[in-house]
Amino acid sequence: MQVPVQITFHNLETSPTVEAKVRERVEELEQFYRGIISCHVMIEAPSRRHQEGRLYHIRVDLKVPGREIVVKRDPSEHHAHEDIYVAVRDCFDAVRRQLEDHARRQRGDVKVHELPGHGR
């Protein structure tokens, strides 16, 4: 990676264990796809005014040659995201799927459909 990983925490204390988990997941992405230029991860907890459990919002901005992959996991969609590690896992799984799609398109492995016949 050309630029070091940036990890930003909003509305919560910086956690070395969460940061280590994020760096581990970024390393897995780098092993899969060597062309990653930069990665910025934002981890946000809701403000303290909310009454329900803390649902974490995770956003990953990944830059690769020719594309920027942005994945975010909103708390309202997934109540399992009360656990920050589950939220990180789900977000990075989605990033990996998009990175795999990007790699397939670069290799030309994407299926091209034939155009239907057009009269005689």
Side-chain angles (χ1 to χ4, degrees):
M1 190 174 316
Q2 297 173 2
V3 178
V5 178
Q6 296 176 327
I7 303 171
T8 307
F9 291 88
H10 288 276
N11 296 332
L12 73 152
E13 295 293 320
T14 302
S15 168
T17 55
V18 172
E19 195 170 325
K21 187 59 153 176
V22 167
R23 291 185 189 284
E24 176 185 316
R25 295 302 303 252
V26 171
E27 286 178 20
E28 290 173 13
L29 292 176
E30 283 185 298
Q31 290 175 359
F32 171 73
Y33 188 88
R34 297 274 181 204
I36 296 174
I37 297 170
S38 68
C39 181
H40 181 240
V41 180
M42 185 193 70
I43 302 170
E44 182 178 17
S47 62
R48 298 184 189 269
R49 294 180 291 142
H50 292 274
Q51 296 298 320
E52 75 267 1
R54 292 177 71 112
L55 297 173
Y56 295 96
H57 172 87
I58 312 288
R59 177 184 168 116
V60 177
D61 295 322
L62 192 72
K63 292 185 182 170
V64 294
R67 184 154 185 231
E68 181 175 2
I69 297 172
V70 178
V71 174
K72 58 185 175 179
R73 287 293 175 248
D74 292 319
S76 60
E77 296 176 3
H78 306 283
H79 286 286
H81 289 183
E82 289 180 13
D83 182 354
I84 194 167
Y85 297 102
V86 172
V88 168
R89 180 200 66 202
D90 289 351
C91 194
F92 273 94
D93 286 350
V95 170
R96 168 112 184 189
R97 286 189 297 272
Q98 287 194 22
L99 194 57
E100 288 171 351
D101 290 343
H102 177 69
R104 273 190 222 103
R105 279 192 294 276
Q106 277 191 322
R107 287 191 310 261
D109 291 348
V110 178
K111 185 186 279 187
V112 177
H113 298 283
E114 290 184 28
L115 294 174
H118 192 86
R120 287 189 191 202

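Atoms considered below: every heavy atom in the structure, side chains included; atoms not considered: hydrogens, waters and symmetry mates.
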Original post:
For the atom pair OG (Ser15) and CD1 (Ile43), what is the distance rounded to the nearest 0.5 Å?
Top reply: 8.0 Å
Subject >> Shortest non-hydrogen contact between Ser38 and Val3, atoms and distance >> reply: CB-CB, 3.8 Å
**OP:** Tell me, please, which residues at least two apart from Ala94 pass side chain to side chain contact (heavy atoms under 4.5 Å, CB included).
**Re:** Val71, Arg73, Arg97
Original post:
Taking only residues two or more places apart in sequence, or in another chain, which ones meet Glu19 in a salt bridge (charged side-chain N to carboxylate O under 4.0 Å, His left out)?
Top reply: Arg23
Subject >> For Gly35 against Pro65, the heavy-atom pair lying closest together >> reply: O-CD, 3.0 Å
Original post:
Any link between Leu12 and Tyr85 through a network of hydrophobic side chains (Ile, Leu, Val, Met, Phe, Trp, Tyr) touching at under 4.5 Å?
Top reply: yes
Original post:
What distance separates Arg89 CZ from Asp83 CG, expressed to the nearest 0.5 Å?
Top reply: 8.5 Å
**OP:** Check whether Phe32 and Val5 end up in the same hydrophobic cluster, where Ile, Leu, Val, Met, Phe, Trp and Tyr are linked by side-chain heavy atoms less than 4.5 Å apart.
**Re:** yes
Original post:
Under 4.5 Å between side-chain heavy atoms, hopping through other hydrophobics if needed: is there a path connecting Tyr33 to Leu29?
Top reply: yes
Subject >> His57/Met42 under side chain to side chain contact (heavy atoms under 4.5 Å, CB included): CA gap, chis, key distance, verdict >> reply: CA-CA 8 Å; His57 172 87; Met42 185 193 70; 3.5 Å; yes
Original post:
Among all residues two or more places apart in sequence or in another chain, which pass the side chain to side chain contact (heavy atoms under 4.5 Å, CB included) test with Glu68?
Top reply: Asp61, Lys63, Val70
Original post:
Does the side chain of Ile36 reach to within under 4.5 Å of the side chain of Val26, using non-hydrogen atoms?
Top reply: no
**OP:** Please test Val22 against Phe92 for side chain to side chain contact (heavy atoms under 4.5 Å, CB included), starting from the C-alpha separation and ending with a verdict.
**Re:** CA-CA 9 Å; Val22 167; Phe92 273 94; 4.0 Å; yes
**OP:** Would you please name every residue forming a side chain to side chain contact (heavy atoms under 4.5 Å, CB included) with Arg67, sequence neighbours left out?
**Re:** Val64, Ile69, Gln98, His102, Arg105
Subject >> Sequence-distant partners of Gln6, side chain to side chain contact (heavy atoms under 4.5 Å, CB included), two or more places apart >> reply: His40
Original post:
Do the side chain of Asn11 and the main chain of Ala45 share a donor and acceptor less than 3.5 angstrom apart?
Top reply: yes
**OP:** List for me each residue that meets salt bridge (charged side-chain N to carboxylate O under 4.0 Å, His left out) alongside Arg96, sequence neighbours excluded, and say none if there are none.
**Re:** Glu100
